Amino acid sequence: MNTSFIILLIAVPLGAAFLSVLVKKLGKYFLGAAIGFNLAASGILAYDYVSPVIYEIGGFKPPYGISLVLDEYSLLGILLLNVVFALIAIMACKYIKKYEVVLSVALAALNGVILTGDLFNLFVFMEISAIAAYILTTMNKNIKYTFNYLVLGTLGSGLLLFGIAVIYNMFGSLNIMDIQNRMAIISYPVAGALVLPLALIFTGLSVEAKLLPFSGWARGVLKDSNSLVGTLIVSAFSAAVLLAFGRLIDSLFVMSDSLLIVFTVVTVGTLILAEIAAFSKKNLREILLFSSIAQSGLVVALFLQGLKSAALLVLINNVISKMILFTLAAKIGEDNGTDKLEDLKGVFLKNKVLGFGFTAAAMSLIGLPLFFGFIAKANVLVSLFEANNIWLPMVILIVSVIEGAYVVRMLTTLWNTGEEGELAKAEDAKQYKLTNKVRLTIIITIAAIAIVAAGILPLLQMNDWFNFDILSFLTDGLGGV
Amino acid sequence: MDNTVEKQENIRKGWDGISRFFRANSIWMLMYCTGCCAIELPQAMTSRYDMERLGMGPMATPRQADVLLITGYLSLKTLRRIIYAYEQMSTPKYLVAFGPCTLNGGIYYDSHAVINRLDQYLPIDVYIAGCMPKPEAVMNGFNDLIGMIKRKEANGWKKYEQNKDWYRKNQIQALGELRIKDEFHE
Amino acid sequence: MITGILTGFGILLFAFVWQTSLDGINRKIVGRFQKRIGPKWYQQFRDIFKALSKTGVTHGWVFDFGVMMALGGIMATVMFLPVVGYSAFPGMDNFFIFVYLLAVGMLGMAMSSVGSGNPLAGIGVMRALTQMVGYEVPFMIVILGIIFGHNTSSLSELAAIQQASGIMTWNLVKMPIGTVVAYISLLGMLGKKPFETFIAPAEIASGPMVEYGGKQLGMLMIMHEFATFIEVTLFVTLFLGGATTLFGFIAKYFVVYILASLISNALARFKIDQVIKFYYKVPITLAIVQALMVVFLGWGV
Amino acid sequence: MDFILSVPAIVVGLFAAAVLAYLLTKANKILGALITVLGSGAALAAMLMLKGDINSVQSLGALGFKLTDYGWFFSVLMLLIFFSVSFFNLYWMKKIIHPAAYNFLYLVALAGTVGAFTAKDFIGLFIFWETIVWASMFIIPFGKSRNASVVYYAFSAFGSLSMLFGILYLYSKTGSFDIQYVLEQASMNTTYALVAFITIGIAGLVKIGVFPFHLWLPKAHGNAPDTFSPILSGGLVKAGGFAAFLAVIVMPSYKVFASNALFLGRELAMPVPNYILVFLGAVSIVVGTLMAIKSEDFKKLIAYSSVANGGYIIIGIAIADSLSVGGAFMHMFAHALASAAAFLSAAAVVHRTGTTKMSELGGLIHRMPLTYLVYLIAIISMAGIPPMSGFISKWMLFQSMIGKGMVFTAAAAFFGSIGSFLYVFRPLSAVFLGQLSPKHESVKEAPFLMQVPMIGLSLLTLLFGVFPNIVLRFISDILKTAGLDGLTLNGLVISGTNGQLNPSLVSLIFGIGFFIALIIFIIHPKSRKVDLMDTYTASEFIYTPELLHYSYAFYAPFERLYENAPSTEKWYAALIKKIEEAGQLVSYTFFNNKPRIIVFWMVCAVIALLWGGSL
């Protein structure tokens, strides 16, 4: 395996960004090439993957150099990220103009966030991606919200940096693996000492991961965002940040019981409150952004419980389905000037294929059987039960009733016409606009079919589909191709 | 052929005989208390004269009743309803008229709103005289009706059916045609 | 089977003759109470046959069909009744058959009368059904106590159990509260005042009966006699120990029926919501008390 | 065992037929609807042929199928209902906004139903169970209300997710999903048994619509497309009975929780958990009855009656002796047929008149006599009057209740039973009898293919009312395999705890009685036919049939007695309002676009984190 692909995943988009700055007219192509390369490279990496690889930049051994880690976890991450990024870029290419540089930088930074094995490096990549996100949100034409995002994001990264600094002070290293090793041989109780840095890192990451109460920026930025910015933030950015979050929790978070409880309260509180908030909303994008916040809470909660595989399944489900849902929601909102649910009755009557995609994604989101979401949900619950955790499944199930209610409300309204108490009739449908449907249709169809296939095939193929480890599946299933 | 017809006729006659016995002794009244004569009916019904011993009793609707009692003068507006009620009754049905008002208009003979001769519009089996008739007279009238039923003489309803056109003509002459049909206009 | 059906016919005939005569006698007695002479004792026969001989009206097929269903259902119910030890189908005289087979007749009559298209009939049926909810529930709760206590729901067996040692084993003595409740319910079943709301001749022109004349009316009168017979016989069998002799049966039946009639003549009519309120305040409470006494304390078993 | 004729083949075939129906409907709507008829008919035939294969085990991928006898019973019942209703689809294609999707989902729901009843594993049961939910969740909004679907989904999800919780909990404890094995293991441990009982029990209660989960029935049944309401009420609701049966009888809860607790010196007739089910059943009988009496809408009324009937079923299962469970099964059977027939006749009325509001209808018997007869037979069965099958089940249930001396439950059941006369009579009177409105003067009888299933269901109701032992024998076998005593059946006679019943004899005598009445009718003088408007009006002249039709607020005096009673509907509405308000609160508190406030919250949170973490 050619390990240089690992660094190229970051370097090529970065290079594309520089080139785009130089030759503005060709920026589109550079971006396209970078995305294409990243897709191909991650494909090759997955194809050739045998065992974890640590790529040392410049040949400096850790902890002295910067290292990139390619294990199953980050492999899954880059696959997911690059695919999603590519799909979003293709679907929303009309907004790319003038933002090629930013997008290239974002792609590089997000890949870096997933791959990096170094705390400070993580901070850098996070910061770059966040800056890219700030710039992207200016597309919404509402600077106030971007400013809001900027303030909070900066505060968050400040806290993150502070936390990393404390860690460095304690262990004298920034390399995650190295810190792990040093933790093992330390003489005083680690958990007690780590409260401050962990709380700071948690807070810092929570801002980007959209956990309550640190995600005040999300509503303003996302509720009017277009299908490029919004979708990128709720799926690609969110995926990368959550993956980084997961990696840190997995390797660095040696928590005392009380700290674990506090973190869990924050994440589960996010899950509950955000779902309730989503339930109370009447606009498509607002519903989806709150749903996205809630799912982030769930994913982090699962990471905190140590259920990496289940968390990853939820993450994948959320990223893919949110990509479809948010793209369509934003698209409908842009083309019709409103994304208010009651103004969009029967919008899918004339756009059946898109409707099916939306429906499949929505049903996967709420975890109905025969869709991928169910596999994820079943895995989550099984692993929680196997960890002897009763109350979290209860919360998840009760919350998913609320989630189901608003998703079903969305679906029934978008598919059917008619006032309450009147028969749904096809003639009553308003004339809705949906432009540039072809690319959208193809991609969403493929994604929807993937969701359905991933929901049905395991039922037929795997005897322990409710209990499977996605990471080892990746090596056994894909690596062994 | 003739034989069977005759047989059926005989059966009908025999049946008629039995029915008449029942009909004569079970007369249900529909009281249309149009005028003052109605005041005499309670006495006839209650303990002093006890109409029930003749098998008579009050009934709520024309469908159930055998005899329609018209107790006094009839204004044109009431006549319409009397006719409606009479036509709703099940056959055989009888009609008993009280007092002179139903015979010739009585003291209202010159009123523009009251009809003078009821038998122009409906067939009357028994008239009961008196203004108002005393309870004895009422009871007597009912006894007469029972006797008539037994003797097959109470045939007013048949007469009405046979001469319906004539009755209808008189009714329309008195009441006029209807033009507006809804619940507020007749 | 054939003998059973023939016995059933015999019971049918007896029921008709006895109840219709008693109705005439009842009218006579009521007349005497009101200082009148009253009609002949066979006046009710005359009324029924007169009605049958008349030419009435019909409002369509359901109007006739409902009447036939009503009379047929009620007659079928009578044929299951055990009377003076005679039972057409021994062992099959289950209490619930009477409750629900009776309902066929009631449904038929309700259907037919509403089928006439007269709103007064609709109101009458509404009141009849509402009243039924009132009286049936306390009655059935009392019966529950009896069936639970004696562990059988067969009427003839219940009668036999009560006949074991004279008057002391009657349910009247053993379950006095239940008997009172059942009697109040019986008043409602028979449509006697104060529970006469669904007929109310002066108010809704005899309610369900409003459109009937001629043979339909006659058939419904027969049905009414049969229904009365069933209800009173049920009471006699369940609470007064049934009867082993014809005379005993007639005597008990006479007392129960005439008493109901006299109560009726002394009282005024309830409004329909008052009927329900009454039944769901006093009788139902008493009925539950009685049933609890039987079930939990074993009193009256 | 060949795969061609097996349960997985039926399920797969139905899914394939669903796809086929979707594609064909795109080409020709009628053709697609025909596929639903053929698909469900073929599945019914196949399932009937599989009777000999009971207890066979097959698998489809990771999903196992086991054809238990009760699973067969439920499957056949469902297939029968789906097959009967599918004829109506032919006429509804133009009225439904997404005909292709409708046909597709119709068959998917059917496949889900069959799959759920024949699943060997709990997880398969859950998958198919949820498949039914989402299939029907998309069909319901094609009707009159979008909100109804949300209500339906929320309730169903609550039930099914509760079941999922139980399934996975038990999986983590026993390491298996196999229904038999898991329930066996659960029955040996009171905690596991309690979890299984509560979670699966809640799934059953929600599905069957027992108080306090009954709200979705009137919403969903009342507003679903007219062809789907019979499916919901006649068919899918009975899945709740299946779940309750699993929890109470298969597990069996009545043995696990058995205790010698005394109440007023008398030993309890059943364990306390079962009593809770009985209590809920009794409450739902009363609530369903009262609400049905109050309803102004034809379909809503039948839906509320399903709530009441669900109460009987739950009570029957919870009492858990052979007579009551047999009665519950018979009641499911009878009520499925009857309520499907009633909803079908409602659909026929809608097809011809376009409304379900009872006050706008009337006198349709003169235009749709057959529909009327179908409805009549259905309500006779629903009210539990002989000679229809509903009587048999009610008789068995009453026998059992009285035998156990359950005073209050029986009082509720009696109330529901008598109250059912009230509410079933109301559509009869308001829709079919009474005055014919002039705007329905030209209404015709339902078309032939709609008559076929209606007549079929009515005849079955009558057949199993006269000869119930055909079904009861099979039910008796089910009870025996479930570890209860069989029913005492002797020829045509059913024996209960305190009496016996010969339905055939009752029907015969009723026939004889009717025959005598007919003779009396014929030999007397012929009546004069008069117009409907020629009625007694105290001799007043009225020319507007609508004014002579008594249908609005039919039981007004009775309704007034409980109009101020507490309402579950209002409670749920308030609950939803509160959740929405909480959501708005979250939204305004944390997402208000004022950086200073959010920074304040962040600082608070960090302090809280540090403080909490350092405890």
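Please read these numbers as outputs of a predicted model, since none were measured by experiment. Residue numbering restarts at 1 for every chain, and letters A, B, ... go by the order of the sequence lines. Side chains included, hydrogens not; waters and symmetry mates left out as well; all remaining heavy atoms used.
Remark: aromatic rings of Phe165(D) and Phe385(A) are close, center separation under 6.0 Å. A distance below 6.0 Å separates the ring centres of Phe126(D) and Phe374(A).
Interface remark: Tyr171(D) contributes side-chain atoms only to the contact with chain A (heavy atom separation under 4.5 Å). Residue Leu159(A) touches chain D through its side chain alone, counting heavy-atom pairs closer than 4.5 Å. Neither the backbone nor the side chain of Tyr152(D) comes within contact range of chain A; no heavy atoms are under 4.5 Å apart. At a 4.5 Å heavy-atom cutoff, the contact between Tyr145(A) and chain D is made by side-chain atoms alone. Neither the backbone nor the side chain of Ile272(A) has a heavy atom closer than 4.5 Å to any heavy atom of chain D. For Asn147(D), the parts lying near chain A are the backbone and the side chain together; criterion is any non-hydrogen pair under 4.5 Å. When heavy atoms are compared at a cutoff of 4.5 Å, Phe591(D) approaches chain A by way of both its backbone and its side chain. Using a 4.5 Å cut-off between heavy atoms, Thr359(A) touches chain D through its side chain atoms alone. Only the side chain of Phe202(A) comes within less than 4.5 Å of a heavy atom of chain D; its backbone N, CA, C and O stay farther away. Proximity to chain D is limited to the side chain of Met363(A), based on heavy atoms less than 4.5 angstrom apart. Residue contact with chain A, scored on non-hydrogen atoms closer than 4.5 Å, is absent for Ala101(D). In this structure, chain A has heavy atoms under 4.5 Å from both the backbone and the side chain of Ile576(D). Neither the backbone nor the side chain of Val407(A) comes within less than 4.5 Å of any heavy atom of chain D. With a 4.5 angstrom heavy-atom cutoff, Val266(A) touches chain D only via side-chain atoms. Contacts of Phe138(D) with chain A are made by side-chain atoms alone, with heavy-atom separations under 4.5 Å and no backbone atom involved. In this structure, chain D has a heavy atom under 4.5 Å from the side chain of Leu212(A), while its backbone stays farther away. With a 4.5 Å cut-off on non-hydrogen atoms, Phe348(A) does not touch chain D at all.
Salt bridge annotation for Glu130(D)-Lys377(A): absent, with no cationic side-chain nitrogen under 4.0 angstrom from a carboxylate oxygen.
For the atom pair OG (Ser215(A)) and CE (Met602(D)), the distance works out to 9.5 Å, reported to the nearest 0.5 Å. One finds the CD atom of Glu422(A) at 11.5 Å from the OG atom of Ser145(D) (value rounded to the nearest 0.5 Å). Thr131(D) contributes atom OG1, which lies 4.0 Å from atom CG of Leu370(A) (distance to the nearest 0.5 angstrom). Residue Thr413(A) holds its OG1 atom at 8.5 Å from CZ of Arg146(D), rounded to the nearest 0.5 Å. Distance CH2/Trp415(A) to CZ/Phe142(D): 8.5 Å, rounded to 0.5 Å. Leu164(D) contributes atom CG, which lies 5.5 Å from atom CG of Leu381(A) (distance to the nearest 0.5 angstrom).
When all heavy atoms of Thr412(A) and Pro141(D) are compared, the pair lying nearest together is CG2-CG, 3.4 Å. Of all the heavy atoms in Val150(D) and Arg409(A), the pair that sits closest is CG2-CA, 3.5 Å. Smallest separation of non-hydrogen atoms from Ala157(D) and Val401(A): C-CG2, 4.1 Å. Summarising the geometry of Met137(D) relative to Val408(A), their closest heavy-atom pair is SD-CG2, 3.4 Å, with the distance given to 0.1 Å. Looking at every heavy atom in both residues, Gly583(D) comes nearest to Ile276(A) through N-CG2, 3.3 Å.
Between Ile97(D) and Lys425(A) there is no side-chain heavy-atom pair separated by less than 4.5 Å. Between Phe290(A) and Ser587(D) there is a side-chain heavy-atom pair separated by less than 4.5 Å. Residues Lys281(A) and Gln584(D) form a side-chain contact, since some pair of their non-hydrogen atoms from C-beta on lies under 4.5 Å apart.
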### Message
Could you walk me through whether Ile366(A) and Tyr153(D) satisfy the side-chain contact (heavy atoms from CB on, under 4.5 Å) test, starting with their C-alpha distance in whole Å, then the side-chain angles of each, then the deciding distance to 0.1 Å, before giving a yes or no?
### Response
CA-CA 11 Å; Ile366(A) 55 179; Tyr153(D) 179 79; 3.7 Å; yes
### Task
Could you give me the CA-CA distance, side-chain angles and deciding distance for Lys144(D) and Glu419(A), then say whether salt bridge (Lys or Arg N to Asp or Glu O under 4.0 Å) is met?
CA-CA 8 Å; Lys144(D) 276 198 218 147; Glu419(A) 294 294 314; over 6 Å; no
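Residue Leu168(D) forms a side chain to side chain contact (heavy atoms under 4.5 Å, CB included) with just one option from Val382(A), Leu384(A), Val380(A), and that option is Val382(A).
With respect to chain A, the highest number of heavy-atom pairs below 4.5 Å among Phe158(D), Trp601(D), Tyr169(D) belongs to Tyr169(D).
For the pair Arg219(A) (side chain) and Tyr588(D) (backbone), a donor-acceptor distance under 3.5 Å is absent.
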